[in-house]
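Note that ligands are numbered from 1 as they come in the structure, with each ligand's atoms numbered from 1 the same way.
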Amino acid sequence: MSAVLLDGKAFAVKALAELKADVDRLKGVTGVTPRFVNIVIGHDASAASYGRSQKRAAEAVGVDYEFTFLPPQVTQEELLDQIKFLNDDASVHGVMLHKPVPAGIVFDQAVNAIRPDKDLEGMGVVNMGRLFMGQTKVIPCTPAAAMALLVSSGVDLAGKHAVVVGRSEIVGKPVIMLLLEKNATVTVCHSGTSRAGRLEDHVRAAEILVVAMGKPGFIKGEWVRAGAVVIDVGINAVDGKITGDVAFEAAVSRASFITPVPGGVGPVTAVMLMKNGIEMFKQHVGQA
Ligand SMILES: NC(=O)c1ccc[n+]([C@@H]2O[C@H](COP(=O)([O-])OP(=O)(O)OC[C@H]3O[C@@H](n4cnc5c(N)ncnc54)[C@H](OP(=O)(O)O)[C@@H]3O)[C@@H](O)[C@H]2O)c1
């Protein structure tokens, strides 16, 4: 048996077309174009590459997406001033701060300075808190992308044993809440699980497996339960090639559905950023 691939590129094309239809309708009703700003400190290659995929997604859906580049030596105070400026600009509907930031910048403080109703990535404590209370449509983009692909498999998650490997704020923790919302039974693994020698046992029990470790090929294919749905969030550069956290070649013959890396969760992330932004725009213009 070979798993069905959950193709992120194809998913993204379809989802962007649906969002464009929504944006066209909203522009027709309001006469306003949604406008999002990405603050980038310094000008490094990764910002350019991540930013490019977001810019392409914005063009596909017909919204304005622009960068505010700040110099690498910018102070925290100057950054907070810039965020306040964008918070106060009524023509801006969503703001994000590109990560990583230079040493000396306190990322959490800056992200929490973004008004919650403009927090494009949903990473501030207000939106994270609302997510944990099941009260928000603004969801951090990578967990939202992982869930969207999982749901696209058509597998009913209710009562299924889902195992999440990784508990970062940016991926693992939001995924836990999103799986609970779908009534999955959730186990969370982390480095302590591995230290106790228990990771393989938990992975072997997973009907749904979501992995976000940042460790190339760490999850062995033979650990994957026959018929499991595998969502590999990992993006790791090994010998110039991008690879996931799951040993794909062996896992693909055991899983029922699996995300490839690259071409799985990654391409859907920018779609989810647009989805968040459009949701915020709707709230700003009274169309929610
Ligand atoms: N597709 C995308 O758009 C996208 C976006 C963001 C991230 N990513 C990728 O997703 C991966 C994870 O990113 P992240 O930001 O969540 O990473 P992170 O902040 O480094 O968190 C990694 C998590 O994995 C756990 N972990 C590490 N080694 C482990 C081990 N041996 N056994 C069990 N658990 C272990 C850590 O446990 P502890 O908590 O105990 O330390 C931690 O919770 C990376 O490859 C990253 O590049 C992809």
* Tell me yes or no: between the side chains of Arg198 and Thr193, is some donor less than 3.5 Å from an acceptor? => no
* Ala110 to Leu80 - nearest heavy-atom pair and separation -> CA-CD2, 4.0 Å
* Report yes if some heavy atom in the side chain of Ile41 is under 4.5 Å from a heavy atom in the side chain of Ile105; otherwise report no. => yes
* Structure fact -> For atom 26 (N) of ligand 1, the closest protein heavy atom turns out to be Ser191 N, 4.3 Å
* For atom 47 (O) of ligand 1, find the nearest protein heavy atom and state the residue, atom name and distance (0.1 Å precision). => Ile235 O, 3.2 Å
* **Test item, Ala212 contacting ligand 1 (heavy atom, 4.0 angstrom)** => yes
* To do: Compute the shortest N/O to N/O distance between Asp245 and ligand 1 and return yes if it is under 3.5 Å, no if not.
  => no
* Which residue owns the protein heavy atom closest to atom 11 (C) of ligand 1, what's the atom, and how far is it? -> Gly214 N, 3.5 Å
* To do: Give the contacting part of Thr142 toward ligand 1: side chain, backbone, both or neither, where contact means a heavy-atom distance below 4.0 Å.
  => side chain
* **Distance (rounded to the nearest 0.5 Å) between Ile39 CD1 and Phe67 CZ** => 12.5 Å
* **Least distance between heavy atoms, Pro116 atom then Arg130 atom** => CB-NH1, 4.4 Å
* NZ/NE/NH1/NH2 to OD/OE distance under 4.0 Å, Asp156 and Lys182 -> no
* From Phe281 CZ over to Lys118 NZ, what is the distance, rounded to the nearest 0.5 angstrom? -> 12.5 Å
* Can you list the atoms of ligand 1 that are under 4.0 Å from a heavy atom of Asn236? -> 45 (O)
* Nearest heavy atom to atom 39 (O) of ligand 1 wins, so pick from Lys173, His190, Arg167, Lys99. => Arg167
* Close-contact set for ligand 1 against Phe218 heavy atoms, below 4.0 Å -> 31 (N)
* To do: May I ask you to test the Thr185-Lys160 pair for a side-chain heavy-atom distance under 4.5 Å?
  => no
* To do: Indicate, as side chain, backbone, both or neither, the part of Thr193 found under 4.0 angstrom from ligand 1 when only non-hydrogen atoms are considered.
  => neither
* Asked: Among protein heavy atoms, which sits nearest to atom 28 (N) of ligand 1, and what does the distance come to when rounded to 0.1 Å?
  -> Lys215 NZ, 2.9 Å
* Structure fact -> One should read off an interatomic distance between Ser194 OG and Leu199 CG, to the nearest 0.5 angstrom, of 4.0 Å
* Tell me, which protein residue and heavy-atom name are nearest atom 7 (C) of ligand 1, and how many Å apart are they? -> Val171 CG2, 4.1 Å
* Taking only heavy atoms of Val265, which atoms of ligand 1 are found under 4.0 Å from at least one of them? -> 1 (N)
* Considering only heavy atoms, does Thr269 approach ligand 1 within less than 4.0 Å through its side chain, its backbone, both, or neither? -> side chain
* At what distance is the nearest protein heavy atom to atom 15 (O) of ligand 1, and which residue and atom is it? -> Ile170 CG2, 3.3 Å
* Asked: Got Ser168 and Lys173 here, is their nearest side-chain heavy-atom distance under 4.5 Å?
  -> no
* Could an N or O of ligand 1 be found under 3.5 Å from any N or O of Leu199, whether backbone or side chain? -> no
* Asked: Which of the listed options, Val165, Val233, Val268, Val164, holds the heavy atom that is closest to atom 10 (O) of ligand 1?
  -> Val233
* Asked: For atom 22 (C) of ligand 1, what is the nearest protein heavy atom, given as residue, atom name and distance?
  -> Met213 O, 3.4 Å
* Heavy atom of the protein closest to atom 16 (O) of ligand 1 (residue, atom name, distance) -> Ser168 OG, 2.5 Å
* Is Lys220 atom NZ crowded by more than 12 heavy atoms from other residues, nucleotides or ligands, each under 6.0 Å away? -> yes
* Asked: Do Val4 and Ser153 have side-chain heavy atoms sitting under 4.5 Å apart?
  -> no
